[in-house]
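None of these values were measured; they are calculated from a predicted model.
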Amino acid sequence: DRAKILRAQVARLRPQALASKPTAATEVAGEMRQAATLPRDLQPGDLTYARYLRVHELLAQIQPLSSPPHPDERLFIVIHQAYELWFSIAIEAIETSIAAMQRGDPWDANHKLRRAVEIMCLGVKQIHLLETMDPAEFLTFRSKLNPASGFQSVQFKEIEFLLGLKHPGFVNYFKHDEEAHARLQARFEAPDLRQLFFQHLRAQGYPIPEEALAPSADVSSEVREATVQALRPIYEHPVDHGPYYTLAEALLDLDMTLALWRFHHILVVKRVIGFKQGTGGSGGVSYLMTTLGKEAFPELWQVRTVLGT
């Protein structure tokens with residue numbers, strides 16, 4: 001019957017299958033052994049992972065002021081050191097985006113800007129590591145930080161200036177730090193992303209008012225409204241204005257991630273220290289709340305309101 005025929009066929013195939021298994025297994029084992037081969041031994045003078053990244057010097061920069069060193073202070077230091085490292089890369093990305101705009105390449109400007117956006121997204125996530133500190137434990141070393149404060153981050157101010165969020169008071173704040181003052185003064189005087197974006201659009205024939213190139217805080221409501229109307233076709237027909245639409249959205253993404261960072265920063269500070277005064281002498285949470293309304297590209301936010309009307 002059919003069952004007997006199937007059993008006979010299986011019996012004939014089984015020896016062949018069993019015979020082939022050792023060969024296949026041997027080949028796989030050989031490949032695994034080859035893949036698992038360790039790198040060659042290091043030779044004197046070889047460039048190593050630790051040398052290339054200067055790991056020993058990097059770890060030596062984690063110097064808590066608490067004695068004995070509190071583990072939470074080590075965490076606090078590393079988080080902020082990491083921020084400064086990422087800020088340096090974000091600044092470089094924004095600078096290359098500005099250079100692309102200046103040579104009339106909106107696609108490359110958008111591409112370079114995306115790196116800065118991703119870095120700031122990472123910054124939003126990273127700040128929540130501070131929530132792993134016990135509030136009472138943080139207070140055991142917080143007083144040692146006075147009068148140091150995150151407000152004094154020159155690189156963060158540079159990022160804001162590069163976006164067009166410029167204020168002469170921030171330049172003057174660093175008047176006793178010659179290097180920081182010079183860097184911020186140069187950023188203050190240089191063209192920023194907002195100005196260059198509008199300048200680029202004007203060069204392409206978009207009716208952006210010349211007055212819109214002024215610092216955002218100096219732009220009148222009439223000029224801002226005219227600028228919004230000039231942006232309207234880009235958003236109503238994004239396919240026809242592809243390079244400028246994608247660049248505008250990249251600028252807004254960067255603005256939005258900065259706003260998200262500020263908001264998350266407030267929540268984390270409130271969770272860790274409540275409404276205590278900041279170590280630098282600011283009002284702490286009350287001061288941080290005043291920064292939430294900052295917009296580097298208000299026209300890109302406002303253009304959404306007029307669509308479909």
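Other residues, nucleotides and ligands contribute only 12 or fewer heavy atoms inside 6.0 Å of the CZ atom of Arg115. Surrounding NE2 of His70 are more than 12 heavy atoms belonging to other residues, nucleotides or ligands, all under 6.0 Å away.
A donor-acceptor pair under 3.5 Å is absent between the side-chain atoms of Ser153 and the main chain of Gly150, judged by distance alone. Distance alone, capped at 3.5 Å, places no donor-acceptor pair between the Asn172 side chain and the Gly169 backbone. For the pair Thr291 (side chain) and Tyr287 (backbone), a donor-acceptor distance under 3.5 Å is absent. At least one donor-acceptor pair closer than 3.5 Å links the side chain of Gln126 to the backbone N or O of Ile79.
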query: Could you walk me through whether Leu267 and Phe263 pass the side-chain contact (heavy atoms from CB on, under 4.5 Å) check?
result: CA-CA 7 Å; Leu267 292 179; Phe263 180 68; 3.6 Å; yes

query: Do Ile234 and Val303 pass the side-chain contact (heavy atoms from CB on, under 4.5 Å) test, and can you show the C-alpha distance, the side-chain angles, and the key distance before you say yes or no?
result: CA-CA 10 Å; Ile234 296 175; Val303 70; over 6 Å; no

- request: Apply side-chain hydrogen bond (donor to acceptor under 3.5 Å, both in side chains) to the pair Gln61 and Glu57, showing each step before the final yes or no.
  value: CA-CA 7 Å; Gln61 302 309 308; Glu57 294 90 336; over 6 Å; no

- request: Please step through side-chain contact (heavy atoms from CB on, under 4.5 Å) for the pair Asp41 and Gln43, ending with a clear verdict.
  value: CA-CA 6 Å; Asp41 291 340; Gln43 302 299 316; 4.3 Å; yes

message: Before you tell me yes or no, could you show the steps for Met101 and Ser97 under side-chain contact (heavy atoms from CB on, under 4.5 Å), namely the whole-Å CA-CA distance, both residues' side-chain angles and the distance that decides it to 0.1 Å?
response: CA-CA 6 Å; Met101 264 192 268; Ser97 179; 4.2 Å; yes

task: Take Ser88 and Gln155 through the test side-chain hydrogen bond (donor to acceptor under 3.5 Å, both in side chains) and record every step on the way to the result.
output: CA-CA 7 Å; Ser88 72; Gln155 289 195 118; 4.6 Å; no

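The hydrophobic cluster containing Ile62 also includes Leu47, Tyr49, Tyr52, Leu53, Val55, Leu59, Ile77, Val78, under a criterion of side-chain heavy atoms closer than 4.5 Å among ILVMFWY residues, counted directly or through chains of members.
Taking CG from Leu193 and CZ from Phe297, the interatomic distance works out to 5.0 Å, rounded to the nearest 0.5 Å. To the nearest 0.5 Å, atom CG of residue Asp72 and atom OG of residue Ser66 are 9.0 Å apart. Between the NE2 atom in His128 and the NE2 atom in His265 there is a gap of 11.0 Å [rounded to 0.5 Å]. Here the straight-line distance linking atom NZ of Lys112 with atom CG of Asp108 works out to 3.5 Å at 0.5 Å rounding. One finds the CG atom of Leu292 at 10.5 Å from the CG atom of Leu260 (value rounded to the nearest 0.5 Å). Here Lys144 contributes atom NZ and Thr279 contributes atom OG1; the two are 14.0 Å apart, rounded to the nearest 0.5 Å.
Checked against side-chain contact (heavy atoms from CB on, under 4.5 Å), Ala212 has the following partners two or more places apart in sequence or in another chain: Phe198, Ile208, Pro209, Val223, Thr227.
Between Phe138 and Phe141, the angle of the ring planes goes over 60°, which puts this pair in the perpendicular group of the 30/60° scheme. Classified by interplanar angle (parallel below 30°, tilted 30° to 60°, perpendicular above 60°), the ring pair Phe156/Phe87 is tilted. Below 30°, between 30° and 60°, or above 60°: for Tyr206 and His241 the angle between ring planes is between 30° and 60°, a tilted geometry. Relative ring orientation between His200 and Tyr244 is described as tilted, the plane-to-plane angle lying within the 30° to 60° band.
Taking the side chain as every heavy atom from C-beta outward, Trp107 and Thr246 approach each other to under 4.5 Å. Within the 4.5 Å cutoff, the side chain of Arg271 has no heavy atoms near those of the Val268 side chain. By the 4.5 Å heavy-atom criterion applied to side chains, Leu300 and Asp255 are not counted as neighbours. Two residues are said to be in side-chain contact when any heavy atoms from C-beta on lie closer than 4.5 Å; Leu113 and Asp253 fail this criterion.
By the 4.0 Å N-to-carboxylate-O rule, Glu249 lies close enough to Arg304 to be salt-bridged with it. Ion pairing between a basic and an acidic side chain is recognised when a charged N comes within 4.0 Å of a carboxylate O; Lys294 and Glu160 show such pairing.
Taken together through direct or relayed side-chain contacts under 4.5 Å among Ile, Leu, Val, Met, Phe, Trp and Tyr, Trp301 and Val117 form part of one hydrophobic cluster. Residues Trp86 and Leu163 do not share a hydrophobic cluster, defined by chaining ILVMFWY side chains whose heavy atoms lie under 4.5 Å apart. Clustering ILVMFWY residues whenever any of their side-chain heavy atoms sit less than 4.5 angstrom apart, transitively, puts Ile98 in the very cluster that holds Leu251. With hydrophobic clusters built from ILVMFWY side chains whose heavy atoms lie under 4.5 angstrom apart, Leu213 does not share a cluster with Val219. Under the 4.5 Å side-chain contact rule for hydrophobic residues, Met120 and Tyr83 share a cluster.
Heavy atoms only, all atoms of each residue included: Pro298 and Ser216 are closest at CG-OG, 3.7 Å. Residue Pro69 comes nearest to Pro64 through the heavy atom pair CB-CG, 3.9 Å, listed as atom of the first residue, atom of the second, then distance. The two residues Gln229 and Pro233 have their closest heavy-atom pair at O-CD, 3.5 Å. The minimum heavy-atom distance between Pro168 and Phe188, with the atom names listed, is N-CE1, 3.7 Å. Nearest heavy-atom pair, Gly308 versus Arg232, reported as atom, atom and distance to 0.1 Å: N-NH2, 4.3 Å. Nearest heavy atom pair, residue Asn110 against residue Ala250, reads OD1-CB, 3.2 Å.
Evaluation of the side chain to side chain donor-acceptor pair (under 3.5 Å) test over residues 179-194, restricted to residues two or more places apart or in two chains, returns Glu95-Arg187, Glu158-Arg183, Glu158-Arg187, Lys166-Asp192, Gln185-Glu189, Arg194-Glu299.
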